[in-house]
Amino acid sequence: MNRDIDDACLMSFYGVKTLTPKKLSHLNITEIDYPDIDEISKLSVEEQFTILNQLVNPNQQEKVNLNLTDRDVEDPLKGQGTNVVMDLIQKGIITSPRDPTVKSYLIGSQSFNSQKYLTTIHHDTPIQQLNFSLNFLEDNIHSHTNELKGAIDQNFIRFINCKKAIDDVLVEFKNSKTKAQKERDNARVFNPEKHAIRATTGKGELGLVQELEGAINNMNTTTSLMIRPISDKKNKEIKLYNMINFIKENKFFFDLPGILINSLSNHNNEKLIDDYNEFLIQKRKFFENLESQQNANLIKFTKEKNEEAIKEWEQEKQIKITILSKVFKEIDEIRGQFSKRTYKELLTLDNDALSDTFKENSKFISLIDNLSKLNPSTQTNPISEFLAKQIDTISKNFEYKVSKFDNKFLLMQSKLLDYINSLNKNRQSGSHINYISEKYKNYRDEVTDAKTSDERITIIQEAFGNSDSLDLPLVNETWLVLYNFIDFLDHLLLNNLNKCLSNYQYYAKQRGIDPECKIRDSIIDLINKVVLLLATLFDDDESNNSNNQLESSPRFYKQFVPYYTNSLSAIYHLTKINTKLNRIFTSFGQNVGTIGNLTKYPDTNKTLKSLKSYSSKINQKIIEAICAVWVNDCSQFYDIEDWKTEEEIALHTINDSVAKYTKFVSIIEYYQMYVIINIAGLIFQKEKQQDQQSEFKIVSAHPSKRILVSIEIQFMRSLNILVDSVMKKYNIERSLVPQNMLEENCDVEIFKILTVNNLDRLSSQIFPRLIRKFDQLYLKDLQKQNLKLFADIDKANITIIDDILTNEKLYINTQINNFFNTKFEPKELRIDGFIYKILVHFVKLINKIKPLTALAIFVKIINELQLSLIKTILDNLRKFEISSIALVNLKLDATFLLKVFDNSRNLKLNENCSKIIQILLNTIDEQYEQFGKNAFSYSQEQFQLVLQDNLNSSSSEFSCF
């Protein structure tokens, strides 16, 4: 007894919750719905005893007497000296060694649970230690296996001797049994007691004889039953002996798999082929001999009417065939492995039957010869099977690449979509056009230093077409996924298909390898599969696209255009992709034509027509996608405007006045030039040299009328959108200017003047140059048309100038109205102060506007303000009554204005202003005469003296006029 056992073990053993149980709740009993006392009294004694036993010992069925030894509780992964049970008790998994759940953790138990064992016992054991222990156990098992084999080999002679002794005993027993049987048959046994019974019954001697016969029959039956196991064992030995002899007779078949495997491993192809062909010969001979032997035995046993022998022969024959069939299957599998390896090696060879190096490729010819020699009697042509496998390999590789591309492209699009959703809503349909500005910035000096237009175009192409810094890295990576897939089709798939077709073309003429045209149909099916995939890939979202060019958007082409891409990356990648697609379709057309000529393929023209249709459609979708991204970028161009001026290319008007403009318009010119040149190259240069060399032209060298009309629509749309983008930036800046800015600063915003200059430059120089270039590239006559575009630009310019004039007129009118609303009574002849304020404001305008804008625009603004000034004075004069001296001063003001501007070369009052100021002077004279004798008297000399003094004193101040 264990006197040191803990309380938990005691409570677990007795099934109680406390060491001093006093009530039913202290027992660990299973909640059983026990019957009432009345119902129990009605039960039998056995049933009452069962209920009592459940109550007293509810866990009796669960308790198990483990009787575990040290070997049983040992942890195999930790080695000797370990105890799983004690570890479980220490960890609190079990409460005592008698816990029935302990069997789940003992590896020698039938209810051992490996998952519980590892997750509980070894949940914190490092994987390196587990691997080391596992390797140790495996080595230990292997060592015991060798010991077992050694023990068997050591006791083999003893086993044979025992077997021989048993056989001798059985033979001796059989002989003694036979002798005893004969003696028993000859003996007469007399039983007086039984004889007396027979006599009293009246049966006499006859009853005794029957009794003796029954005893003899019983003895025979007993003897037969005792001998039967020995007989059956003997029969099995005979059958086994026959099988051993059968195996010895057919040793060639049973030894051949090992020989073939050895030859296969050592790449001894000649021996493998010879052995396999010998196997086919021996196999045929075996079945011939078996058939002849069966016929002979059938005749023999039929004559003897021995049906049992016929059945035994059939069974023996079936057993032999079954045994050999397994061997034959193994041999054929080895042969299949050799064929598979040979075909795989053939497929890896970069061979082309029509190439100059093919005749020197002895390895290819050797492999084909091996396949031919392997089974010369078969009707399968190795070349046919090789070509079929070649096509199948290309097709499977294509399907794998399609699946891989589809998953990766969708993943990249999903990442881009997550990025776009993180942007502001007004930016989610945009793109990163800041890369366009960076391209211009990097090549600006080279472009402006170009001496000829051709040189400038070359630099523009190099600037915007450079692969560096095209777009957002995630967008570039998405484009790369698409490009790599098309590159796979253009290089790997196309090259493999062309080699396969060359081999097919060569061997079809030499050996007639495809009489049923199955290989030809496989090639055509593969081409159609690739074309259909491309047509599906380069398509638009028809559910959203209403074929309205004015509503085209990049999202319609999301199947092959990354979200949020800009036109730089779209043009760069789609141009390269389009070139590869044209080469693919051209090659497909050549392949179909070659097959048609070679095999008289009836659907050649139909397939070629389908290729042309798909090629045209894909080209059109690529152009549409580029145009959609192009126009979308144009709508974002206002982001580029930063109001930094450039002076390299100026607007020259009269007197060589130079207008300042921002880099925004230069970017527009170079960018638009780049786009229309590249789109023209995309639709007019379709691998012309390759098309001319090809007998079957698939890719059209000239665009369809629909494509040309579409590009023209998008070009004009881009110009209009660029103008809208200019105005959008203008409105954004205008909304940021405080409402009281003009009243406080009396100033004009520079961005308005620059916007006017930009629009004027677009209208007078950039857009006409772009339109001329477009007409030249696309054979159009847009420059001869009366385009609404220029009228829209003029309207926009007028709107901005009116905005400028409105603010300036507001200041001038405010000064004039303040003067007339003030009750004043001058006492001397002088020029009024508001005239000086207004003229000083003119000086500020001139100093700010003249350096920025062209002379024509500058003069137009000043003339409008001059006219507004004079008309406002005239209107107030007619509205208010003023004194005679005020009238004289007002006449002096008007004369002073006339003289100040009359000295200017460009700002002299125009005809309208001259007429209005003359009306003003006449009106002043008329009102002065109404005063009569009460009028302020002055002489003409005084008037001229004051006028001249003011002109002299302000000559330097107003010299800018």
Compute the ring centroids of F684 and H702, then answer whether they are less than 6.0 Å apart. no
Might you point out which heavy atoms bring V629 and S567 nearest each other, and give the distance in Å? CG1-N, 3.3 Å
Search all heavy atoms of F538 against all heavy atoms of I622 and return the closest pair with its distance. CD2-CG1, 4.0 Å
Nearest 0.5 Å, what's the OG-CG distance between S615 and L534? 10.0 Å
Keeping the roles fixed (side chain from S553, backbone from F556), state whether a donor-acceptor pair exists under 3.5 Å. no
Please determine whether a side-chain nitrogen of the Lys or Arg among D775 and K780 lies less than 4.0 Å from a carboxylate oxygen of the Asp or Glu. no
Give a yes-or-no answer on whether the side chains of H491 and N495 include a donor-acceptor pair shorter than 3.5 Å. no
Between the side chain of T536 and the main-chain N/O of L532, is any donor-acceptor distance below 3.5 Å? yes
Are side-chain heavy atoms of T607 and N528 found at a separation under 4.5 Å? yes
Does any non-hydrogen side-chain atom of I667 lie less than 4.5 Å from one of F664? no
Any donor and acceptor pair, going by atom type alone, linking the side chain of S718 with main-chain N or O of F715 inside 3.5 Å? yes
Would a distance-only check, ignoring hydrogens and angles, find a side-chain to backbone donor-acceptor pair under 3.5 Å from T575 to I571? yes
Indicate the atoms forming the closest heavy-atom contact of N566 with D471, along with that distance. N-OD2, 2.8 Å
Backbone N or O of T799 within a donor-acceptor pair of the D803 side chain at under 3.5 Å? no
Taking the six-membered ring of F464, is NZ or CZ of K439 closer than 6.0 Å to its centre and within 45° of its axis? no
Contact between L480 and N484 at the side-chain level, heavy atoms closer than 4.5 Å - yes or no? yes
Nearest-0.5 Å distance, CD1 of residue I698 to OG1 of residue T586: 7.0 Å
Distance-only donor-acceptor check, side chains D642 and T662, under 3.5 Å: no
Answer whether the closest heavy-atom distance between the side chains of Q672 and W630 falls below 4.5 Å. yes
So, does N757 use its side chain to make a donor-acceptor pair with the main chain of K660 at under 3.5 Å? yes
Using the rule given for side chain to side chain donor-acceptor pair (under 3.5 Å), can you reason through W479 versus S569, listing the C-alpha separation, both sets of side-chain angles and the distance that settles it, and then say yes or no? CA-CA 8 Å; W479 276 119; S569 60; 3.3 Å; yes
Please evaluate residues Q461 and N678 with respect to the criterion side chain to side chain donor-acceptor pair (under 3.5 Å), reporting the C-alpha separation (whole Å), side-chain torsions for both, the decisive distance (0.1 Å), and the verdict. CA-CA 8 Å; Q461 288 290 95; N678 278 271; 2.9 Å; yes
Basic-acidic side-chain contact under 4.0 Å: E733, K752: no
For T565 and S431, the nearest pair of non-hydrogen atoms, with its separation, is O-CB, 3.5 Å
Heavy atoms only: give me the nearest D760-S764 pair and the separation to one decimal. O-OG, 2.7 Å
Which label fits F751 and Y730: parallel for a plane angle under 30°, tilted from 30 to 60°, or perpendicular past 60°? tilted
Do side-chain atoms of N591 reach the backbone of S587 as a donor and acceptor pair under 3.5 angstrom? yes
Distance flag, aromatic centroids of Y440 and Y671, threshold under 6.0 Å: no
Among side-chain atoms of E624 and Y557, is any donor-acceptor pair under 3.5 angstrom? yes
Heavy-atom donor-acceptor pair, S437 side chain to I433 backbone, under 3.5 Å: no
In short, P703 meets L708 closest at the heavy-atom pair CG-CD2, 3.7 Å
Below 4.0 angstrom, N of the basic side chain to O of the carboxylate: do K529 and D525 qualify? no
Is it the case that Q620 and S704 place a side-chain donor and acceptor less than 3.5 Å from each other? no
Are K729 and D639 ion-paired here, with the side-chain N under 4.0 Å from a carboxylate O? no
Taking the cut-offs as 6.0 angstrom to the six-membered ring centre and 45 degrees off its axis, would you call K576 and Y483 a cation-pi pair? yes
